[in-house]
Number of protein chains: 2
Amino acid sequence: MVKWLGETTLFSGMADQHLRDLSGIAMVVSYKRRATIFSEGDQGNGFYLVKEGKVKIFMISPDGKEQILHIFGPGEPFGEVPVFAGQSFPAHAVALETSRLVFLPRDDFIALVAANPALALNLLAALSQRLRQFTKMIDALSLKEVPGRLAAHLLFLSKKQSAGDQLQLELSKTQLASLLGTIPETLSRMLSKLQREGFITLEGASIAIVDREGLEELAEIGKF
Amino acid sequence: MVKWLGETTLFSGMADQHLRDLSGIAMVVSYKRRATIFSEGDQGNGFYLVKEGKVKIFMISPDGKEQILHIFGPGEPFGEVPVFAGQSFPAHAVALETSRLVFLPRDDFIALVAANPALALNLLAALSQRLRQFTKMIDALSLKEVPGRLAAHLLFLSKKQSAGDQLQLELSKTQLASLLGTIPETLSRMLSKLQREGFITLEGASIAIVDREGLEELAEIGKF
DNA sequence: GATTATCATTGACTTAAGTCAATCGGCTGA
DNA sequence: TCAGCCGATTGACTTAAGTCAATGATAATC
(Lines give C-alpha, C1' and ligand atoms only; values in the text may rest on other atoms or scores of the structure.)
Protein backbone atom coordinates (compact mmCIF):
# COMPACT_ATOMS: atom_id res chain seq x y z
CA MET A 1 0.00 0.00 0.00
CA VAL A 2 2.79 2.45 0.87
CA LYS A 3 4.42 1.77 -2.48
CA TRP A 4 1.16 2.19 -4.35
CA LEU A 5 0.33 5.46 -2.60
CA GLY A 6 3.72 6.84 -3.54
CA GLU A 7 2.99 6.15 -7.20
CA THR A 8 -0.19 8.25 -7.30
CA THR A 9 0.09 11.81 -8.57
CA LEU A 10 -1.36 13.13 -5.35
CA PHE A 11 1.29 11.60 -3.14
CA SER A 12 4.25 11.42 -5.48
CA GLY A 13 7.54 12.73 -4.19
CA MET A 14 6.57 12.32 -0.55
CA ALA A 15 8.86 10.99 2.17
CA ASP A 16 8.43 7.35 3.20
CA GLN A 17 7.40 8.31 6.70
CA HIS A 18 4.55 10.40 5.37
CA LEU A 19 3.44 7.64 3.06
CA ARG A 20 3.39 5.25 6.00
CA ASP A 21 1.29 7.77 7.95
CA LEU A 22 -1.16 7.93 5.08
CA SER A 23 -1.21 4.18 4.79
CA GLY A 24 -2.03 4.06 8.50
CA ILE A 25 -5.28 5.96 8.06
CA ALA A 26 -6.30 4.43 4.72
CA MET A 27 -9.07 1.86 4.39
CA VAL A 28 -9.78 -0.23 1.31
CA VAL A 29 -13.42 -0.48 0.30
CA SER A 30 -15.06 -2.31 -2.59
CA TYR A 31 -18.05 -1.39 -4.72
CA LYS A 32 -19.81 -3.49 -7.28
CA ARG A 33 -20.61 -2.23 -10.75
CA ARG A 34 -23.37 0.41 -10.61
CA ALA A 35 -23.12 0.73 -6.82
CA THR A 36 -23.50 4.24 -5.40
CA ILE A 37 -20.42 5.51 -3.56
CA PHE A 38 -22.02 8.76 -2.47
CA SER A 39 -24.85 11.06 -3.51
CA GLU A 40 -25.13 14.80 -3.85
CA GLY A 41 -25.83 16.35 -0.46
CA ASP A 42 -24.36 13.46 1.54
CA GLN A 43 -22.03 14.31 4.38
CA GLY A 44 -18.43 13.85 3.29
CA ASN A 45 -16.27 12.41 6.01
CA GLY A 46 -13.32 11.69 3.81
CA PHE A 47 -12.29 11.20 0.22
CA TYR A 48 -11.25 8.39 -2.10
CA LEU A 49 -8.54 7.16 -4.41
CA VAL A 50 -9.34 4.66 -7.14
CA LYS A 51 -7.23 1.56 -6.64
CA GLU A 52 -8.86 -0.61 -9.31
CA GLY A 53 -11.86 0.03 -11.51
CA LYS A 54 -13.57 3.14 -12.80
CA VAL A 55 -15.78 5.71 -11.11
CA LYS A 56 -18.23 8.21 -12.58
CA ILE A 57 -18.93 11.59 -10.97
CA PHE A 58 -22.13 13.18 -12.23
CA MET A 59 -25.14 15.36 -11.61
CA ILE A 60 -28.71 14.56 -12.46
CA SER A 61 -31.69 16.80 -13.23
CA PRO A 62 -35.15 16.28 -11.72
CA ASP A 63 -36.35 14.66 -14.95
CA GLY A 64 -33.43 12.26 -15.02
CA LYS A 65 -30.99 13.78 -17.50
CA GLU A 66 -27.41 13.18 -16.43
CA GLN A 67 -24.27 15.27 -16.86
CA ILE A 68 -20.99 13.49 -16.19
CA LEU A 69 -18.29 15.67 -14.61
CA HIS A 70 -15.44 13.16 -14.47
CA ILE A 71 -14.53 9.57 -15.09
CA PHE A 72 -11.78 8.54 -12.69
CA GLY A 73 -9.51 5.54 -13.00
CA PRO A 74 -6.64 3.98 -11.01
CA GLY A 75 -4.52 6.45 -9.06
CA GLU A 76 -7.00 9.32 -9.24
CA PRO A 77 -8.56 10.97 -6.17
CA PHE A 78 -12.17 12.10 -5.91
CA GLY A 79 -14.60 13.50 -3.37
CA GLU A 80 -12.12 15.98 -1.86
CA VAL A 81 -14.34 19.05 -1.96
CA PRO A 82 -16.22 18.44 1.30
CA VAL A 83 -12.99 17.61 3.06
CA PHE A 84 -11.89 21.24 2.77
CA ALA A 85 -15.02 23.29 2.17
CA GLY A 86 -18.51 22.87 3.45
CA GLN A 87 -19.31 19.31 4.17
CA SER A 88 -21.61 17.81 1.58
CA PHE A 89 -20.76 16.33 -1.79
CA PRO A 90 -21.71 18.54 -4.73
CA ALA A 91 -22.36 15.58 -7.06
CA HIS A 92 -22.99 11.84 -7.20
CA ALA A 93 -20.45 9.03 -7.51
CA VAL A 94 -21.09 5.51 -8.76
CA ALA A 95 -18.78 2.66 -9.72
CA LEU A 96 -18.83 2.07 -13.49
CA GLU A 97 -17.07 -1.23 -12.96
CA THR A 98 -16.56 -3.30 -9.86
CA SER A 99 -13.95 -1.22 -8.06
CA ARG A 100 -11.60 -1.17 -5.12
CA LEU A 101 -11.13 2.24 -3.54
CA VAL A 102 -8.88 3.65 -0.85
CA PHE A 103 -10.81 5.79 1.63
CA LEU A 104 -9.02 8.51 3.61
CA PRO A 105 -10.99 9.85 6.59
CA ARG A 106 -11.26 13.61 6.80
CA ASP A 107 -10.00 14.46 10.25
CA ASP A 108 -6.99 12.18 10.21
CA PHE A 109 -6.13 13.36 6.75
CA ILE A 110 -6.35 17.05 7.63
CA ALA A 111 -3.97 16.45 10.51
CA LEU A 112 -1.48 14.98 8.07
CA VAL A 113 -1.88 17.90 5.67
CA ALA A 114 -1.27 20.34 8.50
CA ALA A 115 1.97 18.55 9.32
CA ASN A 116 3.20 18.14 5.76
CA PRO A 117 3.57 21.10 3.41
CA ALA A 118 4.53 18.93 0.44
CA LEU A 119 1.22 17.12 0.75
CA ALA A 120 -0.62 20.44 0.91
CA LEU A 121 1.11 21.66 -2.23
CA ASN A 122 0.31 18.43 -4.07
CA LEU A 123 -3.33 18.83 -3.09
CA LEU A 124 -3.38 22.45 -4.21
CA ALA A 125 -1.96 21.35 -7.54
CA ALA A 126 -4.62 18.64 -7.89
CA LEU A 127 -7.50 21.00 -7.11
CA SER A 128 -6.09 23.68 -9.41
CA GLN A 129 -5.85 21.14 -12.18
CA ARG A 130 -9.46 20.20 -11.60
CA LEU A 131 -10.46 23.88 -11.79
CA ARG A 132 -8.68 24.12 -15.11
CA GLN A 133 -10.63 21.13 -16.41
CA PHE A 134 -13.92 22.61 -15.26
CA THR A 135 -13.06 25.88 -16.95
CA LYS A 136 -12.63 23.98 -20.20
CA MET A 137 -15.90 22.14 -19.66
CA ILE A 138 -17.80 25.38 -19.07
CA ASP A 139 -16.17 26.86 -22.14
CA ALA A 140 -17.23 23.84 -24.16
CA LEU A 141 -20.80 23.72 -22.89
CA SER A 142 -21.38 27.42 -23.29
CA LEU A 143 -19.35 28.40 -26.34
CA LYS A 144 -19.02 25.28 -28.49
CA GLU A 145 -21.60 23.17 -30.22
CA VAL A 146 -21.80 19.39 -29.94
CA PRO A 147 -19.55 18.63 -32.97
CA GLY A 148 -16.86 20.90 -31.52
CA ARG A 149 -17.02 19.20 -28.13
CA LEU A 150 -16.91 15.80 -29.77
CA ALA A 151 -13.91 16.77 -31.91
CA ALA A 152 -12.09 18.03 -28.82
CA HIS A 153 -12.83 14.79 -27.00
CA LEU A 154 -11.54 12.66 -29.87
CA LEU A 155 -8.33 14.67 -29.96
CA PHE A 156 -8.02 14.30 -26.19
CA LEU A 157 -8.41 10.52 -26.43
CA SER A 158 -5.94 10.34 -29.28
CA LYS A 159 -3.36 12.19 -27.23
CA LYS A 160 -4.06 10.16 -24.09
CA GLN A 161 -3.86 6.82 -25.86
CA SER A 162 -0.88 7.85 -28.03
CA ALA A 163 -1.69 5.27 -30.68
CA GLY A 164 -1.28 7.57 -33.67
CA ASP A 165 -4.52 8.29 -35.44
CA GLN A 166 -6.25 5.26 -34.00
CA LEU A 167 -8.32 5.58 -30.85
CA GLN A 168 -10.92 3.82 -28.72
CA LEU A 169 -13.92 5.49 -27.13
CA GLU A 170 -13.47 4.32 -23.57
CA LEU A 171 -17.15 4.66 -22.67
CA SER A 172 -20.47 3.51 -24.02
CA LYS A 173 -21.96 6.02 -26.43
CA THR A 174 -24.66 6.79 -23.88
CA GLN A 175 -22.06 7.64 -21.25
CA LEU A 176 -20.00 9.62 -23.71
CA ALA A 177 -23.06 11.64 -24.66
CA SER A 178 -23.61 12.43 -21.00
CA LEU A 179 -19.98 13.49 -20.61
CA LEU A 180 -20.29 15.83 -23.61
CA GLY A 181 -23.53 17.34 -22.35
CA THR A 182 -25.80 15.84 -24.97
CA ILE A 183 -27.90 12.71 -25.60
CA PRO A 184 -27.13 9.44 -27.41
CA GLU A 185 -29.22 10.26 -30.49
CA THR A 186 -27.38 13.51 -31.08
CA LEU A 187 -23.99 11.90 -30.49
CA SER A 188 -24.83 9.17 -32.95
CA ARG A 189 -25.80 11.72 -35.60
CA MET A 190 -22.68 13.78 -35.02
CA LEU A 191 -20.35 10.78 -35.26
CA SER A 192 -22.01 9.88 -38.56
CA LYS A 193 -21.63 13.45 -39.72
CA LEU A 194 -17.92 13.53 -38.83
CA GLN A 195 -17.47 10.35 -40.83
CA ARG A 196 -19.59 11.57 -43.75
CA GLU A 197 -17.58 14.78 -43.94
CA GLY A 198 -14.29 12.90 -43.96
CA PHE A 199 -12.90 13.77 -40.53
CA ILE A 200 -12.90 10.23 -39.15
CA THR A 201 -13.69 6.64 -39.94
CA LEU A 202 -15.73 4.79 -37.44
CA GLU A 203 -16.50 1.20 -36.54
CA GLY A 204 -18.09 0.58 -33.19
CA ALA A 205 -15.89 2.06 -30.48
CA SER A 206 -12.83 2.23 -32.73
CA ILE A 207 -12.16 5.48 -34.50
CA ALA A 208 -9.45 6.50 -36.91
CA ILE A 209 -8.66 10.15 -37.37
CA VAL A 210 -8.49 10.95 -41.08
CA ASP A 211 -8.27 14.74 -41.02
CA ARG A 212 -6.58 15.82 -37.81
CA GLU A 213 -6.23 19.44 -38.88
CA GLY A 214 -9.90 19.62 -39.67
CA LEU A 215 -10.79 18.16 -36.28
CA GLU A 216 -8.52 20.64 -34.56
CA GLU A 217 -10.16 23.52 -36.34
CA LEU A 218 -13.59 22.15 -35.49
CA ALA A 219 -12.62 21.84 -31.81
CA GLU A 220 -11.28 25.39 -31.86
CA ILE A 221 -14.12 27.09 -33.70
CA GLY A 222 -16.74 24.96 -31.98
CA LYS A 223 -19.01 24.50 -34.99
CA PHE A 224 -19.15 23.54 -38.66
CA MET B 1 -2.29 46.34 4.75
CA VAL B 2 -1.67 43.70 7.42
CA LYS B 3 -5.04 44.47 8.98
CA TRP B 4 -6.81 44.35 5.63
CA LEU B 5 -5.22 41.03 4.69
CA GLY B 6 -6.38 39.51 7.96
CA GLU B 7 -9.95 40.44 7.10
CA THR B 8 -10.04 38.54 3.82
CA THR B 9 -11.51 35.05 3.84
CA LEU B 10 -8.31 33.63 2.44
CA PHE B 11 -6.13 34.90 5.27
CA SER B 12 -8.57 35.04 8.14
CA GLY B 13 -7.48 33.47 11.39
CA MET B 14 -3.79 33.72 10.57
CA ALA B 15 -1.10 34.77 13.01
CA ASP B 16 0.15 38.36 12.83
CA GLN B 17 3.63 37.26 11.87
CA HIS B 18 2.30 35.39 8.87
CA LEU B 19 0.19 38.35 7.85
CA ARG B 20 3.26 40.55 8.04
CA ASP B 21 5.14 38.06 5.87
CA LEU B 22 2.36 38.20 3.31
CA SER B 23 2.30 41.96 3.47
CA GLY B 24 6.03 41.90 2.80
CA ILE B 25 5.62 40.22 -0.57
CA ALA B 26 2.41 42.01 -1.63
CA MET B 27 2.30 44.74 -4.23
CA VAL B 28 -0.60 47.05 -4.93
CA VAL B 29 -1.45 47.57 -8.58
CA SER B 30 -4.17 49.65 -10.23
CA TYR B 31 -6.23 49.02 -13.36
CA LYS B 32 -8.60 51.40 -15.10
CA ARG B 33 -12.10 50.39 -16.09
CA ARG B 34 -12.00 47.88 -18.99
CA ALA B 35 -8.23 47.33 -18.61
CA THR B 36 -6.99 43.76 -19.13
CA ILE B 37 -5.34 42.23 -16.08
CA PHE B 38 -4.36 39.00 -17.81
CA SER B 39 -5.42 36.94 -20.80
CA GLU B 40 -5.95 33.24 -21.31
CA GLY B 41 -2.63 31.54 -21.96
CA ASP B 42 -0.55 34.23 -20.26
CA GLN B 43 2.16 33.08 -17.88
CA GLY B 44 0.94 33.40 -14.30
CA ASN B 45 3.67 34.55 -11.97
CA GLY B 46 1.38 35.21 -9.07
CA PHE B 47 -2.22 35.86 -8.15
CA TYR B 48 -4.41 38.75 -7.03
CA LEU B 49 -6.77 39.94 -4.35
CA VAL B 50 -9.34 42.64 -5.10
CA LYS B 51 -8.73 45.58 -2.79
CA GLU B 52 -11.21 47.98 -4.39
CA GLY B 53 -13.32 47.66 -7.50
CA LYS B 54 -14.72 44.73 -9.45
CA VAL B 55 -13.07 42.18 -11.74
CA LYS B 56 -14.58 39.93 -14.40
CA ILE B 57 -13.13 36.50 -15.21
CA PHE B 58 -14.34 35.17 -18.55
CA MET B 59 -13.71 33.12 -21.65
CA ILE B 60 -14.38 34.17 -25.20
CA SER B 61 -15.13 32.15 -28.33
CA PRO B 62 -13.46 32.77 -31.69
CA ASP B 63 -16.55 34.62 -32.93
CA GLY B 64 -16.61 36.87 -29.89
CA LYS B 65 -19.26 35.36 -27.63
CA GLU B 66 -18.31 35.72 -23.98
CA GLN B 67 -18.98 33.46 -20.98
CA ILE B 68 -18.37 35.02 -17.58
CA LEU B 69 -17.02 32.60 -14.94
CA HIS B 70 -16.86 34.95 -11.96
CA ILE B 71 -17.32 38.51 -10.87
CA PHE B 72 -14.98 39.24 -7.97
CA GLY B 73 -15.22 42.12 -5.53
CA PRO B 74 -13.25 43.39 -2.51
CA GLY B 75 -11.54 40.70 -0.45
CA GLU B 76 -11.76 37.99 -3.10
CA PRO B 77 -8.73 36.25 -4.65
CA PHE B 78 -8.37 35.32 -8.32
CA GLY B 79 -5.82 33.91 -10.70
CA GLU B 80 -4.55 31.20 -8.32
CA VAL B 81 -4.75 28.26 -10.71
CA PRO B 82 -1.38 28.79 -12.44
CA VAL B 83 0.30 29.33 -9.08
CA PHE B 84 -0.22 25.67 -8.22
CA ALA B 85 -0.83 23.83 -11.51
CA GLY B 86 0.59 24.36 -14.93
CA GLN B 87 1.54 27.92 -15.49
CA SER B 88 -0.85 29.72 -17.78
CA PHE B 89 -4.17 31.35 -16.96
CA PRO B 90 -7.18 29.37 -18.15
CA ALA B 91 -9.31 32.50 -18.72
CA HIS B 92 -9.22 36.28 -19.14
CA ALA B 93 -9.48 38.94 -16.45
CA VAL B 94 -10.50 42.58 -16.94
CA ALA B 95 -11.41 45.33 -14.51
CA LEU B 96 -15.12 46.13 -14.67
CA GLU B 97 -14.49 49.30 -12.69
CA THR B 98 -11.29 51.15 -11.95
CA SER B 99 -9.73 48.82 -9.39
CA ARG B 100 -6.89 48.47 -6.94
CA LEU B 101 -5.51 44.94 -6.61
CA VAL B 102 -3.01 43.25 -4.34
CA PHE B 103 -0.57 41.08 -6.30
CA LEU B 104 1.18 38.17 -4.60
CA PRO B 105 4.16 36.77 -6.54
CA ARG B 106 4.16 33.03 -7.02
CA ASP B 107 7.52 31.90 -5.70
CA ASP B 108 7.49 34.00 -2.55
CA PHE B 109 3.93 32.97 -1.88
CA ILE B 110 4.62 29.25 -2.28
CA ALA B 111 7.44 29.55 0.22
CA LEU B 112 4.98 31.01 2.71
CA VAL B 113 2.44 28.26 2.06
CA ALA B 114 5.10 25.63 2.62
CA ALA B 115 5.90 27.19 5.98
CA ASN B 116 2.32 27.73 7.12
CA PRO B 117 -0.22 24.89 7.25
CA ALA B 118 -3.09 27.19 8.22
CA LEU B 119 -2.54 29.14 5.03
CA ALA B 120 -2.47 25.94 3.01
CA LEU B 121 -5.75 24.81 4.55
CA ASN B 122 -7.38 28.18 3.86
CA LEU B 123 -6.29 27.92 0.24
CA LEU B 124 -7.59 24.38 -0.05
CA ALA B 125 -10.91 25.60 1.30
CA ALA B 126 -11.00 28.46 -1.20
CA LEU B 127 -10.25 26.23 -4.19
CA SER B 128 -12.74 23.61 -3.00
CA GLN B 129 -15.37 26.30 -2.72
CA ARG B 130 -14.60 27.39 -6.25
CA LEU B 131 -14.95 23.80 -7.48
CA ARG B 132 -18.35 23.66 -5.83
CA GLN B 133 -19.39 26.84 -7.67
CA PHE B 134 -18.19 25.47 -10.99
CA THR B 135 -20.10 22.27 -10.37
CA LYS B 136 -23.25 24.33 -9.97
CA MET B 137 -22.47 26.30 -13.10
CA ILE B 138 -21.98 23.15 -15.16
CA ASP B 139 -25.20 21.76 -13.74
CA ALA B 140 -27.01 24.95 -14.70
CA LEU B 141 -25.57 25.18 -18.21
CA SER B 142 -26.15 21.55 -19.00
CA LEU B 143 -29.33 20.63 -17.16
CA LYS B 144 -31.34 23.85 -16.75
CA GLU B 145 -32.84 26.20 -19.27
CA VAL B 146 -32.34 29.95 -19.25
CA PRO B 147 -35.41 30.75 -17.09
CA GLY B 148 -34.21 28.28 -14.48
CA ARG B 149 -30.74 29.79 -14.40
CA LEU B 150 -32.19 33.27 -14.17
CA ALA B 151 -34.50 32.26 -11.31
CA ALA B 152 -31.56 30.74 -9.45
CA HIS B 153 -29.55 33.91 -9.93
CA LEU B 154 -32.35 36.13 -8.64
CA LEU B 155 -32.69 33.95 -5.55
CA PHE B 156 -28.92 34.10 -5.08
CA LEU B 157 -28.94 37.90 -5.27
CA SER B 158 -31.88 38.10 -2.91
CA LYS B 159 -30.02 36.01 -0.36
CA LYS B 160 -26.77 37.90 -0.82
CA GLN B 161 -28.38 41.32 -0.52
CA SER B 162 -30.71 40.24 2.32
CA ALA B 163 -33.20 42.98 1.56
CA GLY B 164 -36.31 40.85 1.73
CA ASP B 165 -37.97 40.40 -1.63
CA GLN B 166 -36.32 43.45 -3.12
CA LEU B 167 -33.10 43.07 -5.09
CA GLN B 168 -30.77 44.82 -7.50
CA LEU B 169 -29.15 43.23 -10.53
CA GLU B 170 -25.55 44.19 -9.88
CA LEU B 171 -24.52 44.00 -13.51
CA SER B 172 -25.65 45.41 -16.81
CA LYS B 173 -28.14 43.12 -18.54
CA THR B 174 -25.53 42.36 -21.17
CA GLN B 175 -23.04 41.22 -18.53
CA LEU B 176 -25.70 39.26 -16.68
CA ALA B 177 -26.62 37.47 -19.89
CA SER B 178 -22.98 36.51 -20.34
CA LEU B 179 -22.80 35.23 -16.75
CA LEU B 180 -25.90 33.08 -17.31
CA GLY B 181 -24.58 31.67 -20.58
CA THR B 182 -27.03 33.44 -22.86
CA ILE B 183 -27.41 36.71 -24.82
CA PRO B 184 -29.08 40.02 -23.94
CA GLU B 185 -32.10 39.48 -26.20
CA THR B 186 -32.93 36.17 -24.56
CA LEU B 187 -32.41 37.56 -21.07
CA SER B 188 -34.69 40.47 -21.84
CA ARG B 189 -37.42 38.12 -23.06
CA MET B 190 -37.08 35.87 -20.01
CA LEU B 191 -37.26 38.74 -17.54
CA SER B 192 -40.44 39.92 -19.29
CA LYS B 193 -41.79 36.41 -19.12
CA LEU B 194 -41.08 36.07 -15.40
CA GLN B 195 -42.91 39.34 -14.87
CA ARG B 196 -45.82 38.40 -17.16
CA GLU B 197 -46.26 35.11 -15.33
CA GLY B 198 -46.31 36.81 -11.95
CA PHE B 199 -42.99 35.67 -10.49
CA ILE B 200 -41.42 39.12 -10.23
CA THR B 201 -41.99 42.79 -10.86
CA LEU B 202 -39.30 44.60 -12.68
CA GLU B 203 -38.20 48.18 -13.24
CA GLY B 204 -34.75 48.70 -14.66
CA ALA B 205 -32.21 46.97 -12.44
CA SER B 206 -34.61 46.75 -9.48
CA ILE B 207 -36.56 43.57 -9.05
CA ALA B 208 -39.14 42.54 -6.50
CA ILE B 209 -39.82 38.88 -5.92
CA VAL B 210 -43.58 38.29 -5.94
CA ASP B 211 -43.72 34.49 -5.92
CA ARG B 212 -40.65 33.13 -4.16
CA GLU B 213 -41.92 29.56 -4.07
CA GLY B 214 -42.58 29.65 -7.76
CA LEU B 215 -39.09 30.93 -8.45
CA GLU B 216 -37.58 28.25 -6.25
CA GLU B 217 -39.44 25.57 -8.12
CA LEU B 218 -38.37 27.07 -11.43
CA ALA B 219 -34.74 27.13 -10.30
CA GLU B 220 -35.02 23.52 -9.16
CA ILE B 221 -36.81 22.07 -12.16
CA GLY B 222 -34.90 24.24 -14.58
CA LYS B 223 -37.76 25.00 -16.94
CA PHE B 224 -41.36 26.16 -17.20
C1' DG C 1 -29.39 -21.29 -24.63
C1' DA C 2 -33.42 -18.71 -24.50
C1' DT C 3 -35.19 -14.47 -22.91
C1' DT C 4 -34.95 -10.04 -21.29
C1' DA C 5 -32.80 -5.73 -20.80
C1' DT C 6 -29.87 -2.38 -22.51
C1' DC C 7 -27.54 0.13 -26.25
C1' DA C 8 -27.20 2.16 -30.86
C1' DT C 9 -29.13 4.04 -34.84
C1' DT C 10 -32.39 6.44 -37.85
C1' DG C 11 -36.50 9.23 -39.14
C1' DA C 12 -40.03 12.69 -38.27
C1' DC C 13 -41.16 16.38 -35.51
C1' DT C 14 -40.88 20.12 -31.85
C1' DT C 15 -38.83 23.62 -29.34
C1' DA C 16 -35.58 26.67 -26.83
C1' DA C 17 -32.77 29.88 -27.88
C1' DG C 18 -29.81 32.22 -31.14
C1' DT C 19 -29.48 35.66 -35.29
C1' DC C 20 -30.66 39.69 -37.65
C1' DA C 21 -32.75 44.01 -37.81
C1' DA C 22 -35.12 48.05 -36.21
C1' DT C 23 -36.21 51.29 -32.60
C1' DC C 24 -35.78 53.98 -28.44
C1' DG C 25 -33.56 56.27 -24.71
C1' DG C 26 -29.92 57.85 -22.09
C1' DC C 27 -25.12 59.07 -21.51
C1' DT C 28 -20.71 60.81 -23.14
C1' DG C 29 -17.76 63.67 -24.99
C1' DA C 30 -16.49 67.15 -28.57
C1' DT D 1 -25.98 71.60 -27.33
C1' DC D 2 -25.95 68.08 -30.30
C1' DA D 3 -24.02 64.00 -32.59
C1' DG D 4 -22.85 59.60 -31.76
C1' DC D 5 -22.77 55.30 -29.07
C1' DC D 6 -23.93 51.85 -26.20
C1' DG D 7 -27.51 49.31 -23.80
C1' DA D 8 -32.16 47.48 -23.73
C1' DT D 9 -36.19 45.88 -25.94
C1' DT D 10 -39.18 43.80 -29.43
C1' DG D 11 -40.42 41.32 -33.74
C1' DA D 12 -39.58 38.01 -37.42
C1' DC D 13 -36.97 34.28 -38.61
C1' DT D 14 -33.51 30.35 -38.39
C1' DT D 15 -31.30 26.61 -36.43
C1' DA D 16 -29.07 23.28 -33.26
C1' DA D 17 -30.38 19.99 -30.68
C1' DG D 18 -33.88 17.68 -28.00
C1' DT D 19 -38.20 14.47 -27.99
C1' DC D 20 -40.73 10.61 -29.47
C1' DA D 21 -41.00 6.38 -31.74
C1' DA D 22 -39.52 2.31 -34.18
C1' DT D 23 -36.08 -1.12 -35.24
C1' DG D 24 -31.82 -3.89 -34.81
C1' DA D 25 -28.07 -5.38 -32.40
C1' DT D 26 -25.72 -6.77 -28.43
C1' DA D 27 -25.07 -8.30 -24.12
C1' DA D 28 -26.53 -9.84 -19.62
C1' DT D 29 -29.03 -13.12 -16.76
C1' DC D 30 -31.57 -16.93 -15.20
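For clarity, every value in this text was computed on a predicted model and none was experimentally measured. Every chain is numbered from 1 and lettered A, B, ... according to where its sequence line falls, protein lines coming before strand lines.
Between the CG atom of A:Leu141 and the P atom of C:dG18 there is a distance of 14 Å, given to the nearest Å. When rounded to the nearest whole Å, the span between NZ of A:Lys193 and P of D:dA16 equals 7 Å. We find that CD of A:Glu145 is positioned 12 Å from C1' of C:dT19, with the value rounded to whole Å. Rounded to a whole Å, the NZ atom of B:Lys144 is 16 Å from the P atom of D:dG18. Protein atom CG of A:Asp63 is 13 Å distant from nucleotide atom P of C:dA16, rounded to whole Å. A straight line from CG of B:Leu171 to P of D:dA8 spans 10 Å, rounded to a whole angstrom. Distance A:Lys32 NZ to D:dT29 P: 12 Å, rounded to the nearest Å. Protein atom CD of B:Gln195 is 16 Å distant from nucleotide atom P of D:dA8, rounded to whole Å.
Candidate nucleotides C:dT10, D:dA17, D:dT9 were compared by shortest atom distance to the side chain of A:Ser192, and C:dT10 ranks first. Of the candidate nucleotides C:dT19, D:dG7, C:dA17, C:dT19 has the atom nearest to the side chain of B:Glu185. Taking every side-chain heavy atom of A:Arg189 into account, C:dG11 is the closest of C:dG11, C:dA17, C:dA8.
Residue pairs meeting the salt bridge (charged side-chain N to carboxylate O under 4.0 Å, His left out) criterion with at least one partner in residues 153-174 of chain A, sequence neighbours excluded, are A:Lys160-A:Glu170, A:Asp165-A:Arg212.
Counting non-hydrogen atoms of neighbouring residues, nucleotides and ligands closer than 6.0 angstrom, the CD atom of B:Glu217 reaches no more than 12 such neighbours.
For the helix from C:dG1-D:dC30 to C:dA30-D:dT1, the angle separating the two terminal helix axes comes to 50°, with each axis derived from five pairs and the value rounded to 10°.
Aromatic ring pairs are classed by plane angle as parallel below 30°, tilted from 30° to 60° and perpendicular above 60°; the pair A:Phe134 and B:Phe134 is perpendicular. Ring geometry, A:His153 versus A:Phe156: the interplanar angle falls from 30° to 60°, so the pair is classed tilted.
For the pair A:Thr186 and D:dA16, the criterion of a side-chain N or O lying under 4.0 Å from OP1 or OP2 is not met.
Ring pair A:Phe109/A:Phe47: centre-to-centre distance below 6.0 Å.
Listed by residue number, A:Gly181, A:Thr182, A:Ile183 are the residues of residues 173-183 of chain A with a heavy-atom contact under 4.0 Å to DNA chain D.
Under the side-chain hydrogen bond (donor to acceptor under 3.5 Å, both in side chains) test applied with B:Lys56, the options B:His70, B:Glu66, B:His92 reduce to a single match, B:Glu66. For the pairing with A:Phe38, the ring pair (Phe, Tyr, Trp, His ring centres under 6.0 Å) check across A:Phe103, A:Phe89, A:Phe58, A:Tyr31 returns one residue only, A:Phe89.
Between A:Met190 and B:Gly204, it is B:Gly204 whose nearest contact on DNA chain D lies nearer the 5' terminus.
Although no hydrogens or angles enter the test, the distance criterion places a donor-acceptor pair under 3.5 Å between the side chain of A:Lys144 and the main chain of A:Glu220.
The existence of a salt bridge linking A:Arg189 and A:Glu185 is excluded, since no basic side-chain nitrogen approaches an acidic carboxylate oxygen closer than 4.0 Å.
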